[in-house]
Every structure is written in structure tokens, then in C-alpha cells.
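Report on the following structure.
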Amino acid sequence: MEIKPIKTEADYEDALKEIEQLWGANYGSPEGDKLDVLVTLVEAYEEVHYPIPPPDPIEAILHHMENQGLSEYDLEAYLGSQPCVSDILNRQRSLSLDMIRKLNKELGISDDILVQPYALRTNS
């Protein structure tokens, strides 16, 4: 396969097939260099054509809790009382700017994710 920009879905599929054939090539070898270039081209194409949206703020918090073994009780230091934590995790209350700052600073959750709007559940 000739290395060229990936402009179409067919180019993308061809590049994926070539990557599969080159997978495991030795780093620094001609095949390894070709693999490296193709992977870079595919990543650039996917970033434009198959973007992965960031998680919503509550999904990000829940994911972080699971990965860090945190409970709702542990979030009280960042979100307030237990009822407040519960309301936020159940999407009945929005995160405040102060909460976002604490979650970012203390738990390392990206503020870019935390400031995104998300739907609240209505009591009906």
C-alpha cells in the first residue's frame, strides 16, 4: 500500500487492513515506520469522522468514584451534605461552580467535562 492522506472511507478501510498486516512490526524497521505513519493518519481521520464525545459530568463523577473506590459519603467533602450528593448523582440538582472547582482540584476530574451542561430529572 502506498502511504497517502486518508480522504475517503475506502482509504480508511485500506489503511486499517494494512495496519492489521503490519501489526507487531519491529520498531524502527521499515515496516514499523510504515505502521507508525499509518496509525497516525488513521487517528487523524477518526478524530474528524468518528469523534468520541466527552462524558457528561455525572457519568464522569460516577466513573471516577468506581475507579477510585469512592462512595457517596466520600463526595460530601466536595459536594456538601449527603442529600445534596444524592441529588446531584441522581440528576436532581446541578453542580455549582464551587463544587466543580473542588472536584477538579481534589479529585482531578477535568473541569472541561464538569462544566458541560447536562439534563436534570424533573419531579413529575
Side-chain angles (χ1 to χ4, degrees):
M1 174 184 180
E2 173 189 345
I3 295 180
K4 59 183 181 172
I6 299 173
K7 296 180 181 177
T8 67
E9 194 67 22
D11 293 341
Y12 174 69
E13 293 296 328
D14 290 343
L16 290 177
K17 288 176 188 173
E18 186 73 14
I19 286 171
E20 189 175 327
Q21 292 175 355
L22 293 169
W23 200 254
N26 291 328
Y27 181 78
S29 69
E31 294 83 10
D33 290 346
K34 186 175 184 181
L35 174 62
D36 189 37
V37 171
L38 285 171
V39 167
T40 301
L41 291 171
V42 164
E43 287 174 346
Y45 183 84
E46 288 177 342
E47 189 171 307
V48 171
H49 294 90
Y50 301 105
I52 299 173
D56 88 345
I58 303 307
E59 290 173 5
I61 293 169
L62 293 170
H63 178 75
H64 191 82
M65 287 173 64
E66 183 178 328
N67 282 349
Q68 300 299 316
L70 300 175
S71 68
E72 287 188 23
Y73 174 79
D74 297 319
L75 293 184
E76 288 182 22
Y78 317 108
L79 302 179
S81 67
Q82 181 57 39
C84 183
V85 171
S86 182
D87 284 349
I88 289 170
L89 295 181
N90 288 311
R91 299 173 185 271
Q92 295 172 329
R93 181 176 177 174
S94 296
L95 290 166
S96 70
L97 184 56
D98 187 51
M99 292 172 188
I100 290 169
R101 287 180 177 146
K102 288 178 183 177
L103 290 168
N104 173 254
K105 182 179 179 186
E106 302 298 328
L107 296 181
I109 302 173
S110 169
D111 54 355
D112 289 339
I113 292 172
L114 293 172
V115 297
Q116 293 181 93
Y118 59 96
L120 294 177
R121 292 191 178 136
T122 57
N123 293 334
S124 42

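- The shortest side-chain heavy-atom distance between Met65 and Leu107 does not fall under the 4.5 Å cut-off.
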Requested in this report: For Arg101 and Ser96, run side chain to side chain contact (heavy atoms under 4.5 Å, CB included): C-alpha distance rounded to whole Å, both residues' side-chain angles, the deciding distance at 0.1 Å, then the answer.
Outcome: CA-CA 9 Å; Arg101 287 180 177 146; Ser96 70; over 6 Å; no
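- A continuous path of hydrophobic side-chain contacts links Ile6 to Trp23 [ILVMFWY only; heavy atoms under 4.5 Å].
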Quiz: residues 112-120 side-chain donor-acceptor pairs under 3.5 angstrom, not counting sequence neighbours:
residue, atom, partner, partner atom, Å
Gln116, NE2, Pro55, O, 2.9
Gln116, NE2, Ile113, O, 3.2
Tyr118, OH, Arg93, O, 3.4
Tyr118, OH, Leu95, N, 3.0

Requested in this report: Take Ile88 and Leu75, measure what side chain to side chain contact (heavy atoms under 4.5 Å, CB included) needs, and give me the verdict at the end.
Outcome: CA-CA 10 Å; Ile88 289 170; Leu75 293 184; over 6 Å; no
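- Evaluation of the side chain to side chain donor-acceptor pair (under 3.5 Å) rule for Asp111 yields no partner, not counting sequence neighbours.
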Query raised in the report: Can you list the steps and then say if Leu16 with Leu38 is a side chain to side chain contact (heavy atoms under 4.5 Å, CB included)?
Result: CA-CA 8 Å; Leu16 290 177; Leu38 285 171; over 6 Å; no
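- Of the possible donor and acceptor atoms, none in the side chain of Asn104 sits under 3.5 Å from a partner among the backbone N and O of Ile100.
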**Report entry** side chain to side chain contact (heavy atoms under 4.5 Å, CB included) between Glu18 and Leu22, worked out
**Finding:** CA-CA 6 Å; Glu18 186 73 14; Leu22 293 169; 3.9 Å; yes
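- Distance OH/Tyr27 to CG/Leu35: 11.5 Å, rounded to 0.5 Å.
- Within a 6.0 Å radius of CD in Glu20, no more than 12 heavy atoms belonging to other residues, nucleotides or ligands are found.
- In this structure, the separation between CZ on Arg121 and CG on Asp87 is 11.5 Å, given to the nearest 0.5 Å.
- Identified under the side chain to side chain donor-acceptor pair (under 3.5 Å) test for residues 35-59, with sequence neighbours left out: Glu9-Tyr45, Glu9-Tyr50, Tyr12-Glu46, Asp56-Arg91.
- Here the CG-CG distance, from Asp74 to Leu79, works out to 11.0 Å after rounding to the nearest 0.5 Å.
- In this structure, OG in Ser94 is found 8.5 Å from CD1 in Ile58, a value given to the nearest 0.5 Å.
- Taking every heavy atom of both residues into account, Ala15 and Val42 meet most closely at CB-CG2, 3.8 Å.
- Counting only heavy atoms from C-beta outward, the side chains of Asp11 and Leu41 never approach each other to under 4.5 Å.
- Annotation: the span from Gln82 atom CD to Glu76 atom CD amounts to 5.0 Å, rounded to 0.5 Å.
- Legend: residues meeting salt bridge (Lys or Arg N to Asp or Glu O under 4.0 Å) with Asp98, ordered by chain and number and at least two apart, are Lys102.
- A distance of 12.0 Å separates CD in Gln21 from CD in Glu31, rounded to the nearest 0.5 Å.
- Residue pairs meeting the ring pair (Phe, Tyr, Trp, His ring centres under 6.0 Å) criterion with at least one member in residues 55-111: none, sequence neighbours excluded.
- Asn90 is linked by a side chain to side chain donor-acceptor pair (under 3.5 Å) to Ser86, counting only residues two or more places apart in sequence or in another chain.
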